[in-house]
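To start, the structure itself, in structure tokens.
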Amino acid sequence: MSRVYTLDDLPMADFAVIGDPVGHSKSPAMHHAAYDALGLPYRYVAVHVAPGRVAEALERMREMGYRGVNVTVPHKAEALAWASQPDSLASRIGAANTLDLRTGRAWNTDAPGFMDTLADLGLRSPYRAVVLGAGGSARALVAALSDEAGVEVAVWNRTRDRAERMVQELAPGAQVLDRPDLTDADLVVNATSTGLSGIELDLDFAATPPDALAYDLAYGSEPTAFERQAASVGRRHTDGRGLLAAQGARAFEHWLGIPAPKAVMLRAIT
Ligand code: NDP
């Protein structure tokens, strides 16, 4: 685990991840692995920032010469509000996770990063996707999936109203489910925060096609409860490390304009 800095002891560096909490972040190790592989001299640090202090933190970092910042929970909306040049996808989702401090540009790399991982896993449209959850990360995935030709999107959330609002704002063609019905789902994504809690959602993976993919955004040292449910009926499954690497690789490329060593970045967090 890398050292966590605060606004009171901000070090000289080039890039950072900010969050609350941020101690668990694997981003410093992942980006340093990329710099080492390419012989780049940059420093990437983790900085704890309290809610309400994001703009102040970003201005301080900009004055100190930081080039770019990744943003994690719960600061993605505040980061978007800071940006003077947000890209259209980040604005639509209402969240930015990658900032260029020199230009004020901001992106959401979770959404395209997620689609990169589906391509890597061999999922090709047309397919039916069921997304569980309607929080910050679900918004990015639902926007990305609904923009993809040939993908039918259905959403279930514990609080149905929230799913309805999300679909209305981001994906008017998507269906809102009353229960987490997985019938004919080629892709099932767990974007709820149950991932590492051990809570089992009421899911019938046997209703999915035999080659369906169960994708949990959470990751830990063991498969999640969701992954175990899918595995118990022989469905293939993956956790959120691929997404972490893919969104990080896209951030790296926005900042540095050179291809990211994706395999190295993924290896650094697995
Ligand atoms: P949010 O807090 O924004 O949303 C939480 C979601 O989980 C809501 O839809 C909420 O439903 C639902 N939920 C919470 N508890 C339960 C429960 N007991 N039963 C059913 N649903 C529940 O979280 P995020 O979107 O930021 O994160 C979601 C997950 O994705 C986390 O596990 C996070 O670690 C992971 N993640 C992974 C990333 C990666 O790079 N791999 C990136 C971002 C997130 P309700 O609306 O009813 O409260």
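Order of listing sets the numbers, starting from 1, for every ligand and every atom in it. As a basis for the values below, the full set of heavy atoms in this structure was taken, side chains included, without hydrogen atoms, waters or symmetry mates.
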Next on the checklist: Pairs of nitrogen or oxygen atoms closer than 3.5 Å, one from S193 and one from ligand 1: do any exist?
Outcome noted: yes
Item to check | Enumerated ligand 1 atoms positioned under 4.0 Å from heavy atoms of G133 | outcome: 9 (O)
Checklist entry - What about G240: any of its N or O atoms under 3.5 Å from an N or O on ligand 1? => result yes
Checklist entry - Hey, is CZ on R53 packed in by over 12 heavy atoms from elsewhere, all under 6.0 Å? => result no
Checklist entry - From atom 33 (C) of ligand 1, is the closest protein heavy-atom distance below 4.0 Å? => result no
Checklist entry - What residue and atom, counting heavy atoms only, is the protein's closest point to atom 20 (C) of ligand 1, and at what distance? => result L201 CD2, 3.7 Å
Next on the checklist: Is the ring pair F226/F205 parallel, tilted or perpendicular, if the boundaries are 30 and 60 degrees?
Outcome noted: perpendicular
Next on the checklist: Residue-level breakdown please: for S197 versus ligand 1, do any non-hydrogen atoms fall below 4.0 Å on the side chain, on the backbone, on both, or on neither?
Outcome noted: neither
Checklist entry - Against heavy atoms of G136, which atoms of ligand 1 measure under 4.0 Å? => result 3 (O), 25 (O)
Checklist entry - Within the structure, does D110 bring an N/O atom to less than 3.5 angstrom of an N/O atom in ligand 1? => result no
Checklist entry - Any N or O on R158 sitting closer than 3.5 Å to an N or O of ligand 1? => result yes
Next on the checklist: If only side-chain N and O atoms count, and only distance matters, is there a donor-acceptor pair under 3.5 Å linking Y215 with T117?
Outcome noted: yes
Next on the checklist: Closer than 4.0 Å to some heavy atom of Y219 - which atoms of ligand 1 meet that?
Outcome noted: 41 (N)
Next on the checklist: Test of understanding: given a 4.0 Å heavy-atom threshold, classify the contact between T194 and ligand 1 as side chain, backbone, both, or neither.
Outcome noted: side chain
Next on the checklist: At under 4.0 Å between heavy atoms, is it the side chain or the backbone of I199 that contacts ligand 1, or both, or neither?
Outcome noted: side chain
Checklist entry - Relative to atom 35 (C) of ligand 1, which among V155, L217, T72, V73 owns the nearest non-hydrogen atom? => result L217
Checklist outcome for this item: For A218, the ligand 1 atoms with a heavy-atom partner under 4.0 Å come out as 32 (O)
Next on the checklist: Considering D239, D202, N157 one by one, which has a heavy atom nearer to atom 9 (O) of ligand 1 than any of the others?
Outcome noted: N157
